[in-house]
Protein chains: 2
Amino acid sequence: MSAKKWLKELRAQGYRLTDARRAVVETVAQSPRALTPSEVYDLARERYPTLGLVTVYRTLEKLEELHLAQRVHQDDGCNAYLAHAEGHQHLLICEKCKKAVYFEGDDLDDFFTEVGKKHNFAVKDHWLQLFGTCEDCKYG
Amino acid sequence: MSAKKWLKELRAQGYRLTDARRAVVETVAQSPRALTPSEVYDLARERYPTLGLVTVYRTLEKLEELHLAQRVHQDDGCNAYLAHAEGHQHLLICEKCKKAVYFEGDDLDDFFTEVGKKHNFAVKDHWLQLFGTCEDCKYG
DNA sequence: CGTGATGTTGAAAATCATTTTCGATTATAG
DNA sequence: CTATAATCGAAAATGATTTTCAACATCACG
Ligand SMILES: [Mn+2]
Ligand SMILES: [Mn+2]
Ligand SMILES: [Zn+2]
Ligand SMILES: [Zn+2]
(Lines give C-alpha, C1' and ligand atoms only; values in the text may rest on other atoms or scores of the structure.)
(Ligands and ions follow the chains in the order given, each with its own letter.)
Protein backbone atom coordinates (compact mmCIF):
# COMPACT_ATOMS: atom_id res chain seq x y z
CA MET A 1 0.00 0.00 0.00
CA SER A 2 2.49 2.63 -1.18
CA ALA A 3 -0.11 4.65 -3.08
CA LYS A 4 -0.01 7.41 -0.47
CA LYS A 5 3.75 7.63 -0.72
CA TRP A 6 3.52 7.84 -4.51
CA LEU A 7 0.92 10.60 -4.36
CA LYS A 8 3.04 12.50 -1.87
CA GLU A 9 6.01 12.18 -4.18
CA LEU A 10 4.03 13.36 -7.18
CA ARG A 11 2.89 16.35 -5.15
CA ALA A 12 6.46 17.02 -4.03
CA GLN A 13 7.49 17.19 -7.67
CA GLY A 14 4.91 19.89 -8.29
CA TYR A 15 2.25 17.71 -9.90
CA ARG A 16 -1.37 18.24 -8.95
CA LEU A 17 -3.39 15.51 -7.32
CA THR A 18 -6.45 14.67 -9.36
CA ASP A 19 -8.96 11.87 -9.13
CA ALA A 20 -7.73 10.50 -12.44
CA ARG A 21 -4.17 10.28 -11.16
CA ARG A 22 -5.23 8.79 -7.87
CA ALA A 23 -7.09 6.04 -9.68
CA VAL A 24 -4.06 5.14 -11.80
CA VAL A 25 -1.60 5.38 -8.92
CA GLU A 26 -3.67 3.25 -6.59
CA THR A 27 -4.22 0.64 -9.27
CA VAL A 28 -0.54 0.23 -10.07
CA ALA A 29 0.70 0.59 -6.51
CA GLN A 30 -1.38 -2.24 -5.19
CA SER A 31 -1.18 -4.68 -8.07
CA PRO A 32 0.67 -7.94 -7.38
CA ARG A 33 1.68 -8.14 -11.03
CA ALA A 34 2.83 -5.87 -13.82
CA LEU A 35 -0.02 -4.22 -15.74
CA THR A 36 -0.19 -2.93 -19.30
CA PRO A 37 -1.61 0.55 -19.95
CA SER A 38 -4.79 -1.04 -21.18
CA GLU A 39 -5.09 -3.23 -18.07
CA VAL A 40 -4.50 -0.22 -15.86
CA TYR A 41 -7.20 1.58 -17.81
CA ASP A 42 -9.76 -1.17 -17.22
CA LEU A 43 -8.95 -1.59 -13.54
CA ALA A 44 -8.68 2.10 -12.72
CA ARG A 45 -12.00 2.84 -14.37
CA GLU A 46 -13.65 0.77 -11.67
CA ARG A 47 -12.53 3.48 -9.28
CA TYR A 48 -12.99 6.44 -11.58
CA PRO A 49 -15.19 5.60 -14.56
CA THR A 50 -14.56 8.70 -16.66
CA LEU A 51 -10.80 8.14 -16.71
CA GLY A 52 -9.26 8.43 -20.18
CA LEU A 53 -6.65 6.09 -21.59
CA VAL A 54 -4.45 9.07 -22.42
CA THR A 55 -4.19 9.94 -18.76
CA VAL A 56 -3.12 6.38 -18.01
CA TYR A 57 -0.23 6.73 -20.45
CA ARG A 58 0.69 10.13 -19.08
CA THR A 59 0.62 9.00 -15.47
CA LEU A 60 2.61 5.83 -16.12
CA GLU A 61 5.22 7.95 -17.86
CA LYS A 62 5.54 10.15 -14.77
CA LEU A 63 5.69 7.19 -12.39
CA GLU A 64 8.48 5.74 -14.45
CA GLU A 65 10.42 9.01 -14.46
CA LEU A 66 10.15 9.23 -10.70
CA HIS A 67 11.24 5.59 -10.35
CA LEU A 68 8.05 4.72 -8.53
CA ALA A 69 7.12 2.19 -11.19
CA GLN A 70 9.21 0.35 -13.73
CA ARG A 71 8.58 -1.35 -17.03
CA VAL A 72 8.84 -5.13 -16.92
CA HIS A 73 10.11 -7.20 -19.84
CA GLN A 74 8.56 -10.59 -20.48
CA ASP A 75 8.27 -12.96 -23.41
CA ASP A 76 4.74 -11.82 -24.07
CA GLY A 77 5.52 -8.13 -24.04
CA CYS A 78 7.53 -5.31 -22.58
CA ASN A 79 5.04 -2.60 -21.75
CA ALA A 80 3.70 -3.72 -18.41
CA TYR A 81 4.38 -1.58 -15.34
CA LEU A 82 5.13 -2.72 -11.82
CA ALA A 83 5.85 -0.94 -8.55
CA HIS A 84 9.58 -0.29 -8.43
CA ALA A 85 11.75 -2.01 -5.80
CA GLU A 86 13.84 -0.26 -3.17
CA GLY A 87 17.49 -0.39 -4.12
CA HIS A 88 19.03 -3.12 -6.25
CA GLN A 89 16.67 -6.06 -6.63
CA HIS A 90 15.61 -8.54 -9.28
CA LEU A 91 12.33 -10.10 -10.28
CA LEU A 92 10.86 -13.53 -9.85
CA ILE A 93 7.76 -13.90 -12.01
CA CYS A 94 5.08 -16.58 -12.14
CA GLU A 95 4.60 -17.71 -15.73
CA LYS A 96 0.97 -18.56 -15.07
CA CYS A 97 -0.55 -15.73 -13.03
CA LYS A 98 2.25 -13.24 -13.68
CA LYS A 99 2.62 -12.47 -9.99
CA ALA A 100 5.93 -10.63 -9.50
CA VAL A 101 8.16 -10.73 -6.44
CA TYR A 102 11.44 -8.93 -5.89
CA PHE A 103 14.47 -10.63 -4.41
CA GLU A 104 17.87 -9.37 -3.46
CA GLY A 105 21.07 -10.86 -2.18
CA ASP A 106 22.61 -11.83 -5.47
CA ASP A 107 26.33 -11.26 -5.20
CA LEU A 108 27.41 -11.94 -8.73
CA ASP A 109 29.36 -8.83 -9.62
CA ASP A 110 32.70 -10.64 -9.52
CA PHE A 111 31.42 -13.26 -11.93
CA PHE A 112 30.02 -10.58 -14.24
CA THR A 113 33.28 -8.64 -14.22
CA GLU A 114 35.13 -11.84 -15.04
CA VAL A 115 32.86 -12.58 -17.98
CA GLY A 116 33.44 -9.03 -19.16
CA LYS A 117 37.20 -9.39 -19.00
CA LYS A 118 37.12 -12.47 -21.20
CA HIS A 119 35.41 -10.46 -23.91
CA ASN A 120 37.13 -7.13 -23.30
CA PHE A 121 33.99 -5.50 -22.00
CA ALA A 122 33.69 -3.19 -19.03
CA VAL A 123 30.49 -4.51 -17.47
CA LYS A 124 28.37 -1.74 -15.98
CA ASP A 125 24.93 -3.17 -15.46
CA HIS A 126 22.99 -6.40 -15.56
CA TRP A 127 19.50 -7.77 -15.91
CA LEU A 128 18.45 -10.86 -14.06
CA GLN A 129 14.95 -12.28 -13.96
CA LEU A 130 13.69 -15.64 -12.81
CA PHE A 131 10.58 -17.32 -14.16
CA GLY A 132 8.63 -20.15 -12.66
CA THR A 133 5.41 -21.17 -11.02
CA CYS A 134 4.16 -19.67 -7.80
CA GLU A 135 2.55 -21.55 -4.96
CA ASP A 136 -1.00 -20.73 -6.06
CA CYS A 137 -0.34 -21.97 -9.57
CA LYS A 138 1.64 -25.07 -8.60
CA TYR A 139 -1.12 -27.37 -9.87
CA GLY A 140 -3.48 -26.83 -12.81
CA MET B 1 28.77 -17.08 -41.45
CA SER B 2 25.86 -19.35 -40.60
CA ALA B 3 23.65 -18.02 -43.39
CA LYS B 4 24.06 -21.23 -45.39
CA LYS B 5 23.04 -23.31 -42.41
CA TRP B 6 19.98 -21.13 -41.89
CA LEU B 7 18.94 -21.44 -45.52
CA LYS B 8 19.40 -25.19 -45.37
CA GLU B 9 17.23 -25.32 -42.28
CA LEU B 10 14.52 -23.20 -43.89
CA ARG B 11 14.58 -25.53 -46.88
CA ALA B 12 14.42 -28.57 -44.59
CA GLN B 13 11.25 -27.15 -43.06
CA GLY B 14 9.66 -26.97 -46.48
CA TYR B 15 10.14 -23.27 -47.12
CA ARG B 16 11.27 -22.12 -50.54
CA LEU B 17 14.52 -20.29 -51.04
CA THR B 18 13.98 -16.91 -52.63
CA ASP B 19 16.25 -13.95 -53.19
CA ALA B 20 14.22 -11.91 -50.74
CA ARG B 21 14.70 -14.50 -48.01
CA ARG B 22 18.36 -14.91 -48.77
CA ALA B 23 18.91 -11.17 -48.38
CA VAL B 24 17.19 -11.10 -44.98
CA VAL B 25 18.87 -14.26 -43.73
CA GLU B 26 22.34 -13.17 -44.74
CA THR B 27 21.85 -9.76 -43.18
CA VAL B 28 20.77 -11.08 -39.81
CA ALA B 29 23.15 -14.04 -39.75
CA GLN B 30 26.23 -11.93 -40.18
CA SER B 31 25.32 -8.92 -38.06
CA PRO B 32 27.42 -8.38 -34.92
CA ARG B 33 24.45 -6.73 -33.23
CA ALA B 34 20.71 -7.14 -32.94
CA LEU B 35 18.77 -5.44 -35.74
CA THR B 36 15.24 -4.08 -35.83
CA PRO B 37 12.97 -5.00 -38.74
CA SER B 38 13.51 -1.57 -40.18
CA GLU B 39 17.30 -1.88 -39.89
CA VAL B 40 17.18 -5.30 -41.53
CA TYR B 41 15.10 -3.75 -44.30
CA ASP B 42 17.66 -1.01 -44.98
CA LEU B 43 20.66 -3.33 -44.88
CA ALA B 44 19.09 -6.16 -46.85
CA ARG B 45 17.98 -3.82 -49.62
CA GLU B 46 21.63 -3.21 -50.39
CA ARG B 47 21.71 -6.85 -51.48
CA TYR B 48 18.24 -7.04 -52.98
CA PRO B 49 16.81 -3.59 -53.65
CA THR B 50 13.21 -4.58 -54.37
CA LEU B 51 12.81 -6.31 -51.02
CA GLY B 52 9.62 -5.34 -49.18
CA LEU B 53 9.37 -4.58 -45.48
CA VAL B 54 6.56 -7.11 -45.17
CA THR B 55 8.91 -9.88 -46.21
CA VAL B 56 11.38 -8.79 -43.56
CA TYR B 57 8.70 -9.21 -40.88
CA ARG B 58 7.64 -12.55 -42.29
CA THR B 59 11.16 -13.90 -42.51
CA LEU B 60 12.14 -12.74 -39.03
CA GLU B 61 9.04 -14.46 -37.71
CA LYS B 62 10.14 -17.74 -39.30
CA LEU B 63 13.73 -17.42 -38.09
CA GLU B 64 12.41 -16.92 -34.59
CA GLU B 65 10.14 -19.96 -34.80
CA LEU B 66 13.04 -22.11 -35.94
CA HIS B 67 15.23 -20.72 -33.14
CA LEU B 68 17.77 -19.48 -35.64
CA ALA B 69 17.32 -15.90 -34.45
CA GLN B 70 15.99 -14.50 -31.23
CA ARG B 71 14.48 -11.25 -30.09
CA VAL B 72 16.70 -9.19 -27.82
CA HIS B 73 15.32 -7.05 -25.01
CA GLN B 74 17.03 -3.76 -24.23
CA ASP B 75 16.11 -0.52 -22.53
CA ASP B 76 15.63 1.17 -25.85
CA GLY B 77 13.37 -1.47 -27.31
CA CYS B 78 12.58 -5.14 -27.60
CA ASN B 79 12.10 -5.80 -31.28
CA ALA B 80 15.67 -6.31 -32.45
CA TYR B 81 16.71 -9.73 -33.71
CA LEU B 82 20.04 -11.47 -33.24
CA ALA B 83 21.48 -14.81 -34.33
CA HIS B 84 20.53 -17.36 -31.70
CA ALA B 85 23.24 -19.04 -29.60
CA GLU B 86 23.95 -22.76 -29.47
CA GLY B 87 22.65 -24.21 -26.25
CA HIS B 88 22.23 -22.22 -23.05
CA GLN B 89 24.03 -18.91 -23.25
CA HIS B 90 23.54 -15.33 -22.16
CA LEU B 91 24.22 -11.96 -23.71
CA LEU B 92 26.81 -9.30 -23.09
CA ILE B 93 25.86 -6.12 -24.92
CA CYS B 94 27.80 -2.92 -25.56
CA GLU B 95 25.66 0.05 -24.57
CA LYS B 96 27.34 2.25 -27.17
CA CYS B 97 27.66 0.25 -30.40
CA LYS B 98 25.17 -2.47 -29.38
CA LYS B 99 27.62 -5.23 -30.28
CA ALA B 100 26.32 -8.47 -28.75
CA VAL B 101 28.42 -11.40 -27.54
CA TYR B 102 27.22 -14.65 -26.02
CA PHE B 103 28.84 -16.16 -22.96
CA GLU B 104 28.24 -19.38 -21.11
CA GLY B 105 29.54 -21.00 -17.98
CA ASP B 106 27.18 -19.43 -15.51
CA ASP B 107 26.41 -22.02 -12.91
CA LEU B 108 23.76 -20.28 -10.93
CA ASP B 109 20.92 -22.75 -10.91
CA ASP B 110 21.42 -23.64 -7.26
CA PHE B 111 21.22 -20.02 -6.30
CA PHE B 112 18.10 -19.52 -8.42
CA THR B 113 16.41 -22.57 -6.93
CA GLU B 114 17.23 -21.25 -3.47
CA VAL B 115 15.69 -17.86 -4.26
CA GLY B 116 12.64 -19.67 -5.54
CA LYS B 117 12.28 -21.71 -2.36
CA LYS B 118 12.25 -18.56 -0.23
CA HIS B 119 9.25 -17.30 -2.15
CA ASN B 120 7.54 -20.63 -2.77
CA PHE B 121 8.25 -20.55 -6.48
CA ALA B 122 9.40 -23.43 -8.64
CA VAL B 123 11.98 -21.67 -10.77
CA LYS B 124 12.03 -22.95 -14.35
CA ASP B 125 13.87 -20.42 -16.40
CA HIS B 126 15.97 -17.29 -16.12
CA TRP B 127 17.08 -14.29 -18.08
CA LEU B 128 20.51 -12.85 -17.58
CA GLN B 129 22.05 -10.07 -19.62
CA LEU B 130 25.11 -7.96 -19.02
CA PHE B 131 25.56 -4.44 -20.30
CA GLY B 132 28.75 -2.46 -20.61
CA THR B 133 31.24 -0.97 -22.99
CA CYS B 134 33.19 -2.98 -25.51
CA GLU B 135 36.84 -2.54 -26.36
CA ASP B 136 36.17 -0.42 -29.43
CA CYS B 137 33.93 1.93 -27.47
CA LYS B 138 36.10 2.14 -24.36
CA TYR B 139 36.92 5.82 -25.04
CA GLY B 140 34.69 8.44 -26.64
C1' DC C 1 14.48 -29.14 -69.53
C1' DG C 2 9.25 -27.75 -69.34
C1' DT C 3 5.27 -26.99 -66.57
C1' DG C 4 1.79 -26.54 -63.25
C1' DA C 5 0.47 -26.53 -58.26
C1' DT C 6 1.40 -23.98 -54.62
C1' DG C 7 4.27 -21.02 -51.76
C1' DT C 8 5.91 -16.32 -51.85
C1' DT C 9 6.11 -11.56 -53.09
C1' DG C 10 5.37 -6.40 -52.44
C1' DA C 11 1.78 -2.65 -52.57
C1' DA C 12 -1.92 -1.05 -50.42
C1' DA C 13 -5.30 -1.22 -46.90
C1' DA C 14 -6.40 -2.38 -42.25
C1' DT C 15 -5.35 -2.66 -37.50
C1' DC C 16 -3.41 -1.61 -33.09
C1' DA C 17 -0.70 0.94 -29.68
C1' DT C 18 0.90 5.27 -28.55
C1' DT C 19 1.37 10.38 -29.00
C1' DT C 20 -0.20 14.95 -30.13
C1' DT C 21 -3.52 18.59 -30.35
C1' DC C 22 -6.92 21.35 -28.36
C1' DG C 23 -10.74 23.49 -26.04
C1' DA C 24 -13.02 22.66 -21.61
C1' DT C 25 -12.34 21.73 -16.75
C1' DT C 26 -10.19 21.80 -12.16
C1' DA C 27 -6.52 22.05 -8.42
C1' DT C 28 -4.37 25.05 -5.73
C1' DA C 29 -1.56 29.38 -4.40
C1' DG C 30 -2.55 33.55 -2.70
C1' DC D 1 -13.07 33.18 -3.49
C1' DT D 2 -10.45 33.93 -7.66
C1' DA D 3 -7.08 33.76 -11.17
C1' DT D 4 -3.90 31.05 -13.39
C1' DA D 5 -1.62 27.33 -14.97
C1' DA D 6 -1.85 22.34 -14.92
C1' DT D 7 -4.66 18.64 -16.29
C1' DC D 8 -8.37 16.40 -18.46
C1' DG D 9 -10.57 13.38 -22.19
C1' DA D 10 -12.07 13.23 -27.14
C1' DA D 11 -10.53 13.17 -31.43
C1' DA D 12 -6.98 13.30 -34.81
C1' DA D 13 -2.32 12.04 -36.01
C1' DT D 14 1.41 8.99 -36.03
C1' DG D 15 4.16 4.79 -36.34
C1' DA D 16 4.73 -0.03 -36.18
C1' DT D 17 2.94 -4.30 -37.48
C1' DT D 18 -0.49 -7.39 -39.80
C1' DT D 19 -3.73 -8.67 -43.31
C1' DT D 20 -5.37 -8.90 -47.96
C1' DC D 21 -4.76 -9.87 -52.64
C1' DA D 22 -3.40 -10.35 -57.39
C1' DA D 23 0.96 -11.15 -59.76
C1' DC D 24 4.97 -13.92 -59.71
C1' DA D 25 8.65 -17.51 -58.82
C1' DT D 26 10.17 -21.91 -56.93
C1' DC D 27 10.68 -26.61 -57.33
C1' DA D 28 8.57 -31.50 -57.51
C1' DC D 29 7.34 -34.21 -60.98
C1' DG D 30 7.13 -35.92 -65.54
MN1 LIG E 1 22.04 -7.91 -9.29
MN1 LIG F 1 22.03 -19.35 -17.34
ZN1 LIG G 1 1.11 -17.86 -10.18
ZN1 LIG H 1 30.82 -1.08 -28.45
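Residue numbering restarts at 1 for every chain, and letters A, B, ... go by the order of the sequence lines.
A heavy atom lying under 4.0 Å from DNA chain C marks the following residues of residues 6-19 of chain B, by number: Y15(B), R16(B), T18(B). Residues of residues 44-69 of chain B having a heavy atom closer than 4.0 Å to DNA chain D, listed by number: V54(B), Y57(B), R58(B).
Smallest separation of non-hydrogen atoms from H73(A) and F131(A): O-CZ, 4.5 Å. When all heavy atoms are compared, the tightest approach of F121(A) to K99(B) is CZ-O, 4.1 Å.
Residue E9(B) is tested with K5(B), R11(B), Q13(B) for a side-chain hydrogen bond (donor to acceptor under 3.5 Å, both in side chains); the sole match is Q13(B).
Using a cut-off of 4.0 Å between Lys/Arg side-chain N and Asp/Glu carboxylate O, R33(A) and E39(A) are scored as salt-bridged.
Atom CZ of R22(A) is separated from atom C1' of dA6(D) by 15 Å (rounded to the nearest Å). Between the CD atom of E39(A) and the P atom of dA17(C) there is a distance of 12 Å, given to the nearest Å.
Residue whose closest nucleotide on DNA chain D sits further toward the 5' end, between R21(A) and S38(B): R21(A).
Between H88(B) and H126(B), the ring centre distance stays below 6.0 Å.
The phosphate of dT18(C) has OP1 or OP2 within less than 4.0 Å of a side-chain N or O from N79(A).
Side-chain contact check for Q30(B) and E26(B): no donor-acceptor pair (N or O, by modelled atom type) lies under 3.5 Å.
Panel note: side chain H90(A), backbone L128(A); a donor-acceptor pair is recorded below 3.5 Å.
Within 6.0 Å of the NZ atom in K96(A), the count of heavy atoms belonging to other residues, nucleotides or ligands exceeds 12.
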